[in-house]
*Asks:* 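The structure that follows is given in the form of structure tokens.
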Amino acid sequence: MESMEIDREKPPSTGEEKNEINPIVLVLMGLPGSGKSTFCDEVMRISPRPWARVCQDTINNGKAGTKNQCLSIAVNALRDGKSVFIDRCNISREQRADFLKLGGPQTEKHAVVLDLPPKLCISRSVKRTGHEGNLQGGKAAAVVNQMVPKKELPKLSEGFNRITFCKDEKEVKEAINVYGSFGPLDSLPSGCFGQKNSDTKIQLGIMKFLKKVDPSGNAGSELTVSQKLITNEIEKDSGIQRAKIGSHPSGEALEKLEKDDEPDITSNSGAIAGDNIPTLAFPSISTADFQFNLEKASDIIVEKVEEFVSRIGKARLVLVDLSHGSKILSLVKNKAAQKNIDSSKFFTFVGDITQLRSQRGLQCNVIANAANWRLKPGGGGVNAAIFKAAGSSLEIATKERAVTLSPGKSVIVPLPSSSPLFAGEGVTHVIHVLGPNMNPQRPDCLKDDYVKGCKILREAYTSLFEGFVSIVKSQEVITKNDDLKAKREAVCESENNKKYKGFHEDFEHGVSSSMDGTKIQDKKVNTSKTWAPWTQALHNVVTDPDKHKNVVLDMSDDVIVINDAYPKAQRHVLVLARADGLDSIADVRREHVSLLKTMHDVGLKWAEKFLDENKSLSFRLGYHSAPSMRQLHLHVISQDFNSSHLKNKKHWNSFNTPFFLDSVDVIKEVEDVGNIASKNDKFLSMELRCHRCRSAHPNIPRLKSHISYCQAPFPSALLQNGRLVSSEGTGC
DNA sequence: GTTCTAGAAC
DNA sequence: GTTCTAGAAC
């Protein structure tokens with residue numbers, strides 16, 4: 001961080017020592033062909049302020065370079081007192097995040113969004129020749145098309161002081177004039193600018209934009225001046241108050257709120273609170289287009305809900321339909337009440353399943369889709385609405401999981417963070433379900449065979465709810481055997497879903513070993529693992545500590561503390577057990593409990609020492625279930641994961657999936673059971689998810705970029721039993 | 001555990 | 001074209 005501070009001791013000689021130049025970072029955002037480079041050239045041509053243009057297309061001796069090269073050149077330019085253009089597409093929040101950390105707190109960050117129509121960008125890119133990044137011709141069109149769905153407009157909450165939106169050439173020219181006349185000692189007003197056009201067409205666009213909700217829930221501060229005006233106008237016109245429950249409702253939403261004063265829920269008022277209870281919102285399967293008998297369907301829904309409410313812990317199931325007049329909703333509501341189903345775990349709800357949080361204040365992390373067998377968008381109803389709202393990323397993610405679906409089955413699709421449903425509604429997974437069809441106009445009609453139909457509908461709900469249970473469980477830290485047992489029950493039967501199928505089979509497998517664990521607890525397990533030469537480094541330290549004095553931080557009769565040679569976070573030390581014959585956690589038995597406690601205490605001491613130095617850190621102490629390096633060692637690792645050594649999925653997942661066994665849980669399991677059940681290693685190849693907000697990310701760079709700014713609270717499981725060590729928890 | 005690198009993904 | 005992953009070698 002220090003290296004990025006501008007050296008204020010040596011400002012460039014300006015002749016005016018009193019007035020300091022405040023260089024700014026101006027992040028351009030736009031598709032290829034939107035005119036970013038031209039914008040920079042024009043501003044630099046007329047600006048009295050010293051500028052440096054950091055262009056990723058040419059940064060590497062005229063060739064395209066990397067983001068890190070851009071960052072390093074930008075740091076140097078800022079040191080020289082120059083303001084910096086970040087000339088790259090920067091279309092997603094992740095792509096911009098690192099540039100917002102440039103300079104010191106007094107370095108203003110501006111964004112100029114060249115939000116020109118993709119068609120125009122494509123036609124410009126295709127036509128141009130001699131482009132610096134060699135992005136021209138047909139290739140350019142493909143690249144632009146790929147980028148369009150990934151576009152995320154910048155927000156002030158990302159860390160920008162000022163954002164200028166330009167939607168056409170005229171507004172681009174205005175922005176060039178503003179920055180062209182922006183003197184070295186001038187300052188520009190903060191806030192969002194642009195999108196001021198008030199004609200109907202533009203308003204519709206803005207209304208669409210208004211529907212997007214900041215996941216952090218503080219959208220209010222980010223509305224542009226014009227957007228605020230429009231919102232106020234709507235509120236004035238309709239004569240109603242903005243709903244307390246969510247963000248800024250669209251016109252459509254306001255209409256609904258006028259009609260529906262109270263949300264239709266059967267549960268207590270706590271149901272709608274913006275909490276983090278895992279919630280599945282599901283539509284009634286097969287009762288719309290597939291014409292399944294409503295009485296029979298409602299019986300099955302209530303039957304299956306009753307079966308699952310006992311298995312979902314704190315989680316909730318919510319049956320959703322669009323209208324108050326929904327017959328299926330009232331049938332289910334009454335039958336659920338008759339059966340005294342816990343209304344905090346199951347209720348019916350009126351709303352659009354794609355806008356439950358933004359319109360109705362109901363946070364649902366998982367939504368079910370009444371899919372078609374091809375798992376394709378369209379058709380109408382819930383399926384069309386969900387695919388439309390989730391954008392192309394859902395289609396792509398679905399294709400990766402499955403191509404078709406049989407009646408009675410479901411498939412779980414983790415929703416990429418680029419999906420608007422993820423950002424706007426907080427949906428992390430979509431479960432596609434295919435129910436039985438009774439409509440002769442649709443494929444696989446059962447022609448009134450309700451014996452078969454009911455059987456398939458039951459299967460569909462079972463598969464859906466089990467899928468939901470598996471999501472809930474996979475997001476918890478696996479600690480107790482009880483949890484594992486529940487997970488065993490939660491095996492999702494989704495076929496056509498190899499990844500998930502494999503995942504659950506592995507759970508099953510892991511559970512079997514843990515159950516067997518009680519039987520083999522006193523047997524000396526022969527791990528029969530051979531250790532390659534490179535796995536011996538830690539063992540060598542323990543065997544001959546004197547030889548490794550340079551790396552040893554601390555030593556006692558039982559343990560040696562060293563820095564991890566390739567730290568995966570700002571602070572990362574290892575507490576090595578000195579005992580002979582303890583290669584890994586698999587070798588630990590009851591007689592080692594006191595050693596484990598010593599290791600934990602030493603680890604805690606080091607975590608607290610690091611916390612004294614930096615209160616913003618937090619730590620986890622734990623073991624890898626299948627370590628690569630020989631000699632039992634406890635990781636003490638800060639949760640920033642800010643390290644150049646964290647390079648791949650295995651690195652990430654080894655600290656952020658159940659592959660990482662918290663020391664407190666290990667001690668308890670060895671005390672209770674006598675050993676640690678072997679876990680499978682498939683956790684290492686699981687999808688990449690943020691350890692705080694659990695969002696999914698396509699690759700390591702994107703994940704790292706995300707975690708550099710994600711400040712979501714840690715999952716509740718980590719906050720329990722002292723798994724997470726932070727300054728708040730140490731009584732300081 | 002890391003490094004290297006082919007080839008997939010973008 | 002570059003970026004990124006994943007598997008082999010160590």
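To find a chain, count down the sequence lines: A is the first, B the second, and so on, and within it residues start at 1.
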*Asks:* Spell out, as yes or no, whether a donor-acceptor pair under 3.5 Å connects the side chain of A/His572 to the backbone of A/Lys568.
*Replies:* yes

*Asks:* Can you tell me if A/Ser419 uses its side chain to pair, donor with acceptor, with the backbone of A/Gly391 under 3.5 Å?
*Replies:* no

*Asks:* OP1 or OP2 of B/dG1 versus the side-chain N and O atoms of A/His645: is any pair under 4.0 Å?
*Replies:*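 Checking B/dG1 against A/His645, no side-chain N or O comes under 4.0 Å of OP1 or OP2.
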
*Asks:* Measuring to OP1 and OP2 of B/dG1, would you say a side-chain N or O of A/His624 lies under 4.0 angstrom away?
*Replies:*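 So the side chain of A/His624 is within the cut-off, an N or O lying under 4.0 Å from OP1 or OP2 of B/dG1.
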
*Asks:* Please give me the minimum heavy-atom distance between A/His633 and A/Leu538, naming the atom from each residue.
*Replies:*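 Scanning both residues, the minimum pair turns out to be ND1-CD1, 3.4 Å.
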
*Asks:* A/Ser643 side chain to A/Pro567 main-chain N or O, any donor-acceptor pair under 3.5 Å?
*Replies:*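 Yes: the side chain of A/Ser643 pairs with the backbone of A/Pro567.
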
*Asks:* To the nearest Å, give me how far apart CH2 (A/Trp652) and P (C/dC4) are.
*Replies:*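 That distance rounds to 16 Å.
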
*Asks:* Could you name each residue pair satisfying ring pair (Phe, Tyr, Trp, His ring centres under 6.0 Å) that touches residues 534-560 of chain A, not counting sequence neighbours?
*Replies:*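 Sorted pair list comes back empty.
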
*Asks:* CG of A/Leu646 versus C1' of B/dG1: gap in Å, rounded?
*Replies:* 13 Å

*Asks:* Identify the stems formed by DNA chain B, where each pair is Watson-Crick or G-U wobble with both distances under 3.5 angstrom and a stem is at least 3 consecutive pairs.
*Replies:*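 Result, WC/G-U stems under 3.5 Å: B:1-10 with C:1-10.
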
*Asks:* Would you say A/Ser556 and A/Asp558 are linked by a side-chain donor-acceptor pair, where the criterion is simply a distance under 3.5 Å?
*Replies:* no

*Asks:* In this structure, how many angstroms lie between the P atom of B/dT2 and the CD atom of A/Gln536, rounded?
*Replies:*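 Distance, rounded to whole Å: 17 Å.
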
*Asks:* Could I get the full list of side chain to side chain contact (heavy atoms under 4.5 Å, CB included) partners for A/Ala537, not counting sequence neighbours?
*Replies:*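 Scan of A/Ala537 (side chain to side chain contact (heavy atoms under 4.5 Å, CB included), adjacent residues dropped) gives A/Met629.
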
*Asks:* Rounded to the Å, how far apart are A/Leu703 CG and C/dT3 C1'?
*Replies:* 16 Å

*Asks:* Going by atom types alone, do A/Ser685 and A/Lys649 pair a side-chain donor with an acceptor below 3.5 Å?
*Replies:*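 There is no such pair between these side chains.
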
*Asks:* Which residues within residues 565-575 of chain A lie with some heavy atom under 4.0 Å of an atom in DNA chain B?
*Replies:*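 Those residues whose heavy atoms fall under 4.0 Å from DNA chain B, taken from residues 565-575 of chain A in numerical order, are A/Tyr566, A/Lys568.
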
*Asks:* Nucleotides 5-10 of chain C: which of its N/O atoms have a protein N/O under 3.5 Å away?
*Replies:*
residue	atom	partner	partner atom	Å
C/dT5	OP1	A/Ile700	N	2.7
C/dC10	N3	A/Trp534	NE1	3.2
C/dC10	N4	A/Trp534	NE1	3.2

*Asks:* Is there side-chain contact between A/Phe683 and A/Asn653, with heavy atoms separated by less than 4.5 Å?
*Replies:* no

*Asks:* With sequence neighbours left out, what residues match A/Glu613 under side chain to side chain contact (heavy atoms under 4.5 Å, CB included)?
*Replies:* A/Arg571, A/Lys609, A/Phe610

*Asks:* To the nearest angstrom, how far is A/Lys650 atom NZ from B/dG1 atom P?
*Replies:* 7 Å

*Asks:* Is the shortest heavy-atom distance from the side chain of A/His691 to the side chain of A/Pro715 under 4.5 Å?
*Replies:*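 No; the side chains remain at least 4.5 Å from each other.
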
*Asks:* Taking atom C1' of B/dG1 as reference, at what distance in whole Å does atom CG of A/Leu684 sit?
*Replies:* 13 Å

